There are 2 protein chains.
Amino acid sequence: MADPHPALLMFIGARYVEQRVSEAVLAAGYDDLTPAMARAAARLRDDGIRVTEIAEQARITKQSASVLVDLLERASYVERVPDPADARARLVVLAPRGREVQKVARRVERAIEREWTRHLGAERMAAFKAALTDLREITDPYR
Amino acid sequence: MADPHPALLMFIGARYVEQRVSEAVLAAGYDDLTPAMARAAARLRDDGIRVTEIAEQARITKQSASVLVDLLERASYVERVPDPADARARLVVLAPRGREVQKVARRVERAIEREWTRHLGAERMAAFKAALTDLREITDPYR
DNA sequence: CCTCAATAGTCAGTCTTACTGACCAAATCC
DNA sequence: GGATTTGGTCAGTAAGACTGACTATTGAGG
């Protein structure tokens, strides 16, 4: 490829991080997490999230999201609790085991960010992150 | 998310481009291209490529790549020609119909690059692309 | 209040797109 | 010139996505 589109380079970088994280999580002994489960789990917030919200953000149907949450729940990574604000809905929250995995993932993510900063230098890295953040404004329909 | 990891932002951008391109291709009347077929087709080069190479670059097994090439061939997007340099191998090359789709895709990609340049400014865009290219050195095992 | 459209979620069934394992034929190594 | 590597296919299976139909709750209008 003579001059690859920025999007391809972005994809390559994102895929690299996903692989590094999933390897580390596997190495830490969590071998029952599939990539799809992990991607769904990555959407979790501390205050809980609805299945429908996971689906929107991950761009999958609510049925698919529901299956993934089932799997995560069965493996004790998350719990479903009733949403106090809406009796139709249930909130997906991290269970203790999920919080442990999250810690492992966060640690790898920070390590990669340091590696990238070392490679580009602090200044270029900051500019890079700022550009990504600005581009999100025109590429991310979910804020 | 308070401070999303750069990789998430990269993923969001890459996904946006893939969606824009696939929408345009669909709108141009090519409705028999699945996302997986398109991703495989995106690896094609003018001088032809081997199925095994597609597999390596797309990080899928050669069997999966072979199936996708079959589908692309059946839909007249590509052809398989014997590799003059190796009688075991066959080169996957774009067929006329494939070249038409490629034109549509390239057009959208250029349009998006212009939009991004408008949003960031030419200077920041250039720096952004340079940073992506540099990061590729440490994130892309296939050079 | 009371209907009724919208929303949160599930169930059932299907298709796409991966995977593993076994295998063949040509090329390359020693 | 036999053994190993490489390019690719065939067969079978599983993960993960989709559509469509359905239930229960919410919230808005009359």
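By convention in this document, chain letters (A, B, ...) are assigned in the order of the sequence lines, proteins followed by strands, and residues within each chain are numbered from 1. Small disclaimer: the values here were computed from a predicted structure and weren't measured.
Side-chain atoms of Gln63(B) and base atoms of dG12(D) include no donor and acceptor less than 3.5 Å apart.
Protein atom CE of Met37(B) is 10 Å distant from nucleotide atom P of dT16(C), rounded to whole Å. Rounded to whole Å, the distance from NZ on Lys62(B) to P on dC19(C) is 13 Å.
From Arg118(B), atom CZ reaches atom CE of Met125(B) across 11.5 Å, with rounding to the nearest 0.5 Å.
The shortest distance between the side-chain N/O atoms of Arg50(A) and the OP1/OP2 oxygens of dA8(C) is below 4.0 Å. Residue Arg88(A) places none of its side-chain N or O atoms closer than 4.0 Å to OP1 or OP2 of dT23(D). Between Thr34(A) and dG16(D) there is a side-chain N or O to OP1 or OP2 distance below 4.0 Å. In this model, the phosphate group of dG9(C) is not approached by any side-chain N or O of Ser66(A) to a distance below 4.0 Å at OP1 or OP2. At dC18(D), one or more side-chain N or O atoms of Ser64(A) fall inside 4.0 Å of OP1 or OP2 (strictly under the cut-off). Applying the 4.0 Å criterion to OP1 and OP2 of dG8(D), one finds that Thr52(B) has a side-chain N or O inside that range.
Taking the six-membered ring where tryptophan is involved, the planes of Phe128(B) and Trp116(B) are perpendicular, since the angle between them exceeds 60° and thus also 30°.
Thr133(A) places a side-chain N or O within 3.5 Å of a backbone atom of Lys129(A) that can act as its donor or acceptor partner.
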Evaluation steps, side chain to side chain contact (heavy atoms under 4.5 Å, CB included), between Leu72(B) and Leu33(B): CA-CA 8 Å; Leu72(B) 286 167; Leu33(B) 261 178; 3.7 Å; yes
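Nearest-nucleotide mapping onto DNA chain D: of Arg59(A) and Ala87(A), the residue sitting toward the 5' end is Arg59(A).
Heavy atoms of Asp86(B) sit under 4.0 angstrom from primed sugar atoms or phosphate atoms, though from no base atom.
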